[in-house]
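Here the structure is laid out as structure tokens; the discussion comes afterwards.
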Amino acid sequence: MTTPVVIGVGMMPFGKHPERTIVDMGAEVARAALLDAGLAPTDIDMGFFSNVLAGRLFGDATIGQNVLWEVGVNRIPVVNVENACTSGGTAFMLACNAIKAGEAEAVMVVGSEKTAVPQLGLINSGQTELDTQLGLVAPAGFALRACRHMADYGTTLEQLALVAVKNRRHGSLNPAAMYRQLTSVEEVLSSPMIVDPLTRLQCCPNADGAAAVVVASPARARRAGLLPGDPRWVSVRAALLATGSYENPQDLLRWETDYRAAALAYERAGLGPADVDVVELHDAFTIGEIIHCEALGLCPPGEGGLLVQSGATTLGGRVPVNVSGGLLSRGHPTGATGVAQLVELVQQLRGQAGARQVEGAKIGLAQCMGGDKSGDTKSCTMVVLGR
Amino acid sequence: MAENKQVLIGENLFDMSEGKPSLIVTHCKSCGTYFFPKSFTCHNPECVGKDVETTNLSRQGKVENYSVMNYPPPTPFVTQEPYEPIVCAAVEFPEGITIIGMMEGVTAEQVKIGMDVEVTVGTIYTKKTGDEVIAWKFKAV
């Protein structure tokens with residue numbers, strides 16, 4: 001089986017960019033990724049573009065073709081992908097599948113989104129979804145789990161807040177992060193309550209931004225001047241997508257889909273939780289990071305709060321989580337997030353992450369979860385990269 | 001003056017025929033799984049049965065989880081000023097199905113895990129036109 005190689009990345013600072021458009025941000029990072037890969041526009045033979053909300057917020061459609069046309073990539077197949085917060089991971093999985101199938105040698109994946117706009121407000125799970133009609137907001141599914149996690153495992157408010165404090169410290173080291181000022185447990189807990197027990201600083205900020213990667217077949221990577229063993233030879237050990245079962249009664253202490261996707265990712269990558277050096281995961285809300293760390297096997301179920309408290313997931317710890325600052329500090333332009341996670345891992349594995357470098361990182365894992373249906377999650381993506 | 005209408009958030013969600021509301025669920029006769037809202041088929045991938053029936057769920061269940069939404073839900077939801085935080089709960093019913101909904105008549109301090117609740121039906125918000133939007137709710141017993 002062909003093992004795809006990530007040969008180029010492009011990133012821009014996430015934040016409030018009222019003057020920018022989805023197309024020009026996407027074009028900026030696509031151009032950067034081409035340059036980083038050392039490829040010309042005509043070298044790209046397939047494109048996947050990830051965006052979630054442009055249709056709803058701006059009435060736009062099929063934006064991927066516009067983005068790629070801006071950088072001189074046209075004629076080739078271009079697919080627009082929407083899968084909520086997992087859109088970027090889904091687009092990447094499709095790109096890898098195209099390479100494994102021999103249909104393409106070099107594929108561009110771009111995610112671009114604008115969510116720092118007044119018409120968004122609190123994000124919901126789709127206008128016609130019964131949860132939305134009932135007034136349940138996206139954070140509610142997380143808050144319900146936080147309530148149960150505290151009751152059953154004794155997870156504390158302070159442990160929840162520590163996730164935000166840690167990811168802000170990481171974000172302070174990342175020039176592409178939206179929030180770079182340090183914060184404290186007191187500040188996090190005294191910020192306004194959004195959905196009990198999640199306060200505002202425990203919810204990721206809406207942001208504008210874009211990220212891109214170029215993934216290639218090993219043969220194409222060699223022709224681009226890379227060799228296996230180079231720090232820049234970042235291979236894709238697993239890239240997969242799982243869908244919710246919506247089984248009832250639900251397990252409201254975790255997401256079954258998360259555990260199922262993690263087990264499959266480790267199996268396909270041929271490694272286990274102890275082999276992972278750096279993790280980017282979906283910390284849209286602090287409780288999310290705690291439960292996802294358990295699903296990824298970084299600690300036993302129920303000990304996610306203790307894990308963050310122990311410092312194991314801080315830069316310099318046993319397995320640093322969200323060294324980019326995560327969604328909580330980097331910001332969450334929905335369709336760009338999954339791709340930005342991969343940019344971070346590639347920079348870490350190449351040893352190019354500057355002040356937030358995880359020393360000697362060889363295996364990186366990215367997890368994202370998206371969409372809600374009856375309180376369950378709709379999709380979960382896992383990507384394992386290695387050098 | 002025109003009467004304000006009552007609008008249901010969806011069709012076939014609850015049954016009022018016995019005076020008190022029950023949620024309408026689908027029960028698979030082959031594998032025993034319950035589904036809400038009602039469905040024309042069984043969604044259990046391991047079940048080959050196609051024989052489903054529509055039935056009413058028990059009227060009472062227990063609070064499994066809860067939260068308080070201190071921020072107004074987005075559209076289509078309409079909230080009044082000042083906004084009253086909404087208590088929502090996941091309620092497990094004896095049939096083994098968990099359903100999320102709003103609580104009525106309790107504050108954030110009063111709601112507890114394990115609390116016995118019953119299904120009620122009431123207004124969850126009032127549209128700008130004055131029409132009331134009706135859904136199921138849960139109330140402590």
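Quick caveat, the model's predicted, so the values are computed rather than measured. Protein chains get the first letters and strands the later ones, always in sequence-line order, with residue 1 at the start of each.
When the ring-ring contact (aromatic ring centres under 6.0 Å, His included) test is applied to B:F35, the partners found at least two apart in sequence or on another chain are B:H43. Listed by chain and number, the residues in a side chain to side chain donor-acceptor pair (under 3.5 Å) with A:E113 are A:N51 (sequence neighbours excluded).
No more than 12 heavy atoms of other residues, nucleotides or ligands sit less than 6.0 Å from atom CZ of A:R200. Annotation for B:E11: atom CD does not count as buried by contact number, only 12 or fewer foreign heavy atoms lying within 6.0 Å. More than 12 heavy-atom neighbours from other residues, nucleotides or ligands sit within 6.0 angstrom of CD on A:Q181.
Here the closest non-hydrogen pair linking A:L144 and B:C88 is CD2-O, 4.3 Å. Closest of all the heavy-atom pairs between B:N70 and A:D196 is OD1-N, 4.4 Å. Annotation for B:E64 and A:R148: closest pair O-NH1, 2.6 Å, computed over non-hydrogen atoms.
The contact list for residues 125-140 of chain B toward chain A, using heavy atoms and a distance under 4.5 Å, reads B:Y125, B:A135, B:W136 by residue number. Residues of residues 104-113 of chain B lying under 4.5 angstrom from chain A, judged on non-hydrogen atoms, are B:I113 by number.
Only the side chain of B:P37 comes within contact range of chain A, with heavy atoms under 4.5 Å apart. Within the 4.5 angstrom heavy-atom criterion, only side-chain atoms of B:L13, from C-beta onward, approach chain A.
B:S67 OG to A:M193 CE: the interatomic distance, rounded to the nearest 0.5 Å, is 8.5 Å.
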